[in-house]
S.K.: 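First the structure, then my questions, so here it is.
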Amino acid sequence: AFESNQTITVSAPTSAGKSFILLHILSDFIKEKTDGKAVYIVPTRALIQQVEMDIREHFKQIGLSVEVTSVPVLPEDFQRKACIFIFTQERLQWVLNEHPKIPLDLIIVDEAHKIGDRSRGILLQQVLQQVSYDCTAKFIFASPMSENPSAMFRVIKPEKHQKEIISEIVTVNQNLIWVSKAGSGTTKWNIELLSQGYKLPLGYLQCERITKPSMRLPILAYRIAAGGKGNLLYVNGAADAEKVAVQLKSLVLNDLPNYTPSQRVSDLMKLIKKTIHPNYALIETLKAGVAFHYGNMPLAIRNEIEDLFKIGDISFLVCTSTLIEGVNLPAKSIFVRGPQKGRNTPMNEVDFWNLAGRAGRQGKEFQGNIFCLDAGDDRVWINGTPRERKKYLIKSTVDAIVETKTDELLGYIKSKETTTSRSELDYAYTYFLTAYYKYGKVSNSFMPDLYGRKLCRSIDEAFAQVLPNIEIPSAILSKNQGVNPLAQQKLLEYFKQREDNELIPPYPEDDNAQEKYLHIIGRISSNLTGETPKLNAYRSVLITNWMRGYGLARIISDNIRWHDKNQTRKNTATIIRDTMRDIEEYARFRFLKYTTCYIDILKLYFMSKGALESIEKIPQINLWLEFGASKTTQISLMAMGFTRTAALEYSDLIVDENYSKEQCLQWFLTNNIHALDLPESIVTEAVRIIGLQ
């Protein structure tokens with residue numbers, strides 16, 4: 001289908017082999033077009049390295065030379081070589097903003113149903129439309145078990161040659177098993193297999209009395225597993241993951257007091273102690289072959305946990321919704337009890353079946369098990385316990401807003417408010433605004449075909465009322481997706497009233513960097529986001545230390561001291577989790593997004609004054625924020641595919657701070673890393689990456 005069509009959209013179950021086929025399509029594409037440019041879009045940062053390494057390994061095996069990178073910077077000799085970028089939609093937007101006319105030939109969108117993922121779904125649609133209308137790229141959309149994969153055709157420029165492909169072939173059978181109380185007690189549990197809507201009794205489980213509902217997931221999972229490997233437990237958040245893992249550890253050691261973890265698990269415990277914190281709960285749970293896994297954890301730690309789970313050194317792994325996002329982590333059995341996705345949001349059936357698709361190991365077993373605990377209890381399963389596989393209805397966030405929140409969107413534009421608590425409204429605002437500027441009016445663009453001429457005219461009228469008072473160029477307004485244009489104008493007005501030098505972001509190594517970033521965070525809060533200033537001091541320390549390339553352990557220790565000094569009464573476990581969350585969600589996402597806008601408007605202000613020397617003083621901090629480093633050597637190592645944890649370890653051994661990728665590679669080729677005092681997983685990471693260069 002790909003060979004004979006411009007666009008294809010594919011729906012198939014999890015583990016059906018989509019990734020395998022996409023790798024072969026990529027290599028066939030590069031063989032035909034030796035200077036081809038492809039973008040592989042993944043839904044989260046957590047997936048970038050996994051996909052990047054798979055692609056590098058595939059091309060290494062077939063002996064084909066290609067530049068593979070996840071860094072949003074064009075490589076040298078970009079025009080003359082084949083390039084494959086592995087990006088989130090944010091990183092693709094970054095490159096499109098820097099290089100609007102970049103020639104792209106192939107776009108692969110994994111987990112394409114994420115077009116409905118609120119504000120990030122709008123951004124995904126925005127960048128896909130920009131590419132489709134500005135390039136002649138071919139598109140492949142891949143999604144799990146969707147009933148309408150053709151909905152993705154609405155997202156891009158209409159084409160004659162397009163095809164929808166739907167496969168329902170399940171390569172590994174998933175057994176849906178209900179576990180429910182037998183009578184009023186909690187010692188006997190019925191076990192039933194759900195097949196074609198019918199319940200088939202398998203028997204019952206007799207276990208200790210479970211008086212606390214919060215203990216049902218770990219106890220039942222442990223008793224049902226009966227010493228087996230490959231057990232995944234799904235929980236609703238990072239704190240729950242740690243709690244359930246600690247409970248499982250107690251169960252294991254009660255039965256096996258002399259349990260000894262493998263050498264590789266012991267090495268991981270040492271790495272965690274060094275790179276996160278000696279009191280991180282994961283160190284304790286690993287003593288019993290139990291681990292937890294969530295998206296904000298350092299990639300090097302997550303990677304090693306996943307490998308240890310796959311080989312059986314970890315028997316129980318407690319996971320959060322990261323598992324639904326496409327992380328390749330198959331299990332023999334998955335245990336769930338009233339699953340949620342997001343705070344107080346019961347998981348829908350489609351996400352449940354996407355999660356269930358991780359049960360069973362293709363090539364190793366014919367089947368996997370999904371155990372629904374407390375099945376049939378509507379107090380636990382608020383949306384009901386799933387009975388049969390359901391397909392996903394793809395609907396973009398923009399479509400959903402147009403259908404149900406048109407008046408709210410138009411009212412927000414006309415209200416001249418600068419902030420809203422609904423980020424998807426800000427993204428919808430700038431989504432339509434981009435078309436307004438690009439085509440003269442929204443009604444002159446392709447959008448009337450999608451949303452109706454009446455709505456597009458109403459949006460044009462709303463913009464006509466608001467935009468005449470905005471002097472910021474359309475290029476800047478359109479570039480900063482999700483940032484209200486009136487807020488951008490407000491920030492420009494603020495700049496006009498201040499001294500020039502105090503506005504410029506400092507280099508993170510500067511002595512007064514924390515103080516200056518404190519003021520920048522304050523300006524962003526008061527002009528762009530409307531956030532409370534109470535966290536500004538904490539955040540200024542966090543982002544400065546992050547950009548300086550400090551290790552996570554040092555950042556966490558600094559934060560613990562900050563909380564002690566300010567008597568916040570947060571315990572160590574909470575501070576560790578919050579630090580990792582704030583790095584991912586604030587430093588690498590929100591602050592990066594708003595400082596990019598801040599710098600764009602600051603440059604505009606300096607340009608209007610003719611202060612070109614001031615523009616030259618402004619550092620490009622977006623890369624530093626995204627990768628948590630400001631040294632060229634560290635960023636070069638991450639561009640090679642190293643995790644940040646490993647990049648910091650090796651950069652401490654490389655004297656020169658300004659090494660390119662090629663110079664870093666040469667360092668590895670002339671140094672025996674096995675002779676160095678490094679954690680084994682860090683050495684293994686280097687061996688794999690250097691072997692793929």
Side-chain angles (χ1 to χ4, degrees), residues 179 186 207-225 231-256 259 261 265 268-269 272-273 276-298 301-302 305-306 308-309 314-324 329 331 333-347 355 371-374 377 379-382 556 560 563 568-582 584:
V179 181
T186 57
C207 71
E208 63 264 51
R209 184 176 300 279
I210 310 174
T211 57
K212 295 180 180 179
S214 63
M215 290 294 293
R216 290 184 183 177
L217 176 61
I219 290 177
L220 290 173
Y222 181 72
R223 296 304 173 201
I224 291 169
N231 303 292
L232 274 178
L233 285 73
Y234 180 87
V235 296
N236 301 324
D240 288 341
E242 296 182 13
K243 179 180 178 182
V244 170
V246 169
Q247 292 167 333
L248 279 167
K249 174 208 168 188
S250 298
L251 289 166
V252 172
L253 294 184
N254 281 343
D255 284 356
L256 302 169
Y259 179 91
V265 170
L268 175 59
M269 292 159 63
I272 295 166
K273 184 176 181 179
I276 298 181
H277 196 273
N279 295 331
Y280 192 36
L282 187 55
I283 298 172
E284 291 301 308
T285 65
L286 283 169
K287 293 176 181 178
V290 176
F292 51 83
H293 178 292
Y294 45 80
N296 294 333
M297 291 169 63
I301 305 300
R302 285 206 319 268
I305 288 170
E306 291 168 15
L308 290 169
F309 180 72
I314 291 172
S315 300
F316 291 89
L317 181 54
V318 189
C319 292
T320 63
S321 59
T322 307
L323 197 61
I324 305 172
L329 194 59
S333 297
I334 297 177
F335 299 88
V336 288
R337 180 179 182 271
Q340 298 178 8
K341 191 183 177 195
R343 188 181 298 274
N344 301 321
T345 305
M347 183 183 290
L355 171 64
F371 290 94
C372 298
L373 310 183
D374 270 323
D377 187 339
R379 293 168 301 179
V380 176
W381 296 82
I382 296 171
I556 288 172
I560 290 172
H563 283 280
T568 61
R569 298 184 180 179
K570 277 191 177 182
N571 60 45
T572 299
T574 301
I575 295 171
I576 293 172
R577 281 195 308 274
D578 286 355
T579 301
M580 292 190 287
R581 180 203 64 204
D582 292 340
E584 291 298 315

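All residue numbers refer to positions in the sequence shown, counting from 1. Values below: every heavy atom of this structure, side chains too, minus hydrogens, waters and symmetry copies.
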S.K.: With respect to Phe292, which candidate in Phe316, Tyr280, Tyr234 satisfies the ring-ring contact (aromatic ring centres under 6.0 Å, His included) definition?
M.R.: Tyr280
S.K.: Enter the distance from Asp582:CG to Ile575:CD1 here, rounded to the nearest 0.5 Å.
M.R.: 11.0 Å
S.K.: Do Pro213 and Arg337 have side chains that get closer than 4.5 Å, going by heavy atoms?
M.R.: yes
S.K.: Can you name the nearest heavy-atom pair linking Ile283 to Pro278, along with the distance?
M.R.: CD1-O, 3.5 Å
S.K.: How about Thr186 and Arg209: do any of their side-chain heavy atoms sit closer than 4.5 Å?
M.R.: yes
S.K.: Sequence neighbours excluded, which residues qualify as side chain to side chain contact (heavy atoms under 4.5 Å, CB included) partners of Arg379?
M.R.: Asp377
S.K.: Has the side chain of Asn296 got a donor or acceptor atom that lies under 3.5 Å from a matching backbone atom of Glu584?
M.R.: no
S.K.: Look at the side chain of Thr285 and the backbone N and O of Val290, then say whether any donor-acceptor pair between them is shorter than 3.5 Å.
M.R.: yes
S.K.: Atom CG in Leu355, atom CD1 in Ile334: separation rounded to 0.5 Å?
M.R.: 5.0 Å
S.K.: Tell me the closest heavy-atom pair linking Ala291 and Ala245, and the distance in Å.
M.R.: O-CB, 4.3 Å
S.K.: Atom CD1 in Ile219, atom CD in Glu208: separation rounded to 0.5 Å?
M.R.: 5.0 Å
S.K.: Considering residues at least two apart in sequence or located in another chain, which fulfil the side chain to side chain contact (heavy atoms under 4.5 Å, CB included) criterion with Ala238?
M.R.: Tyr294, Arg577
S.K.: Indicate the atoms forming the closest heavy-atom contact of Cys207 with Arg223, along with that distance.
M.R.: CB-CG, 4.0 Å
S.K.: Does any part of the side chain of Pro218, heavy atoms only, come nearer than 4.5 Å to the side chain of Leu251, both counted from C-beta?
M.R.: yes
S.K.: With a 4.5 Å limit on heavy-atom distance, are the side chains of Leu286 and Ile272 in contact?
M.R.: yes
S.K.: Heavy-atom distance under 4.5 Å between the side chains of Leu220 and Phe335, does that happen here?
M.R.: no
S.K.: Under a 4.0 Å threshold between the charged nitrogen and the carboxylate oxygen, would Asp240 count as salt-bridged to Lys243?
M.R.: no
S.K.: How long is the gap from CD on Glu284 to CG on Asn279, to the nearest 0.5 Å?
M.R.: 8.5 Å
S.K.: Taking the side chain as C-beta and beyond, is there a heavy-atom pair between Arg216 and Leu373 under 4.5 Å?
M.R.: no
S.K.: Looking only at heavy atoms, what is the nearest atom pair of Trp381 and Cys372, with distance?
M.R.: CZ2-CB, 3.6 Å
S.K.: Which heavy atom in Phe309 sits nearest to a heavy atom in Ile314, and how many Å separate them?
M.R.: CD1-O, 3.5 Å
S.K.: With rounding to the nearest 0.5 angstrom, report the OG1 to CZ distance, Thr574 to Arg569.
M.R.: 14.5 Å
S.K.: Side-chain contact test, heavy atoms from C-beta onward, threshold under 4.5 Å: evaluate it for Ile556 versus Ile276 and give yes or no.
M.R.: yes
S.K.: Work out which heavy atom in Gln247 is nearest to a heavy atom in Ser214; give both atom names and the distance.
M.R.: OE1-O, 3.8 Å
S.K.: Stepwise, does the side chain to side chain contact (heavy atoms under 4.5 Å, CB included) test hold for Met297 with Leu282?
M.R.: CA-CA 11 Å; Met297 291 169 63; Leu282 187 55; 3.8 Å; yes
S.K.: How would you list, by chain and number, every residue that makes a side chain to side chain contact (heavy atoms under 4.5 Å, CB included) with Asn254, sequence neighbours excluded?
M.R.: none
S.K.: Heavy-atom distance under 4.5 Å between the side chains of Thr320 and Val235, does that happen here?
M.R.: yes
S.K.: Before giving the answer on side chain to side chain contact (heavy atoms under 4.5 Å, CB included), spell out for Arg302 and Glu306 the whole-Å C-alpha distance, their side-chain angles and the decisive distance to 0.1 Å.
M.R.: CA-CA 6 Å; Arg302 285 206 319 268; Glu306 291 168 15; 4.3 Å; yes
S.K.: Just verifying a value: how many Å separate Phe371 CZ and Leu232 CG, rounded to the nearest 0.5 Å?
M.R.: 12.5 Å
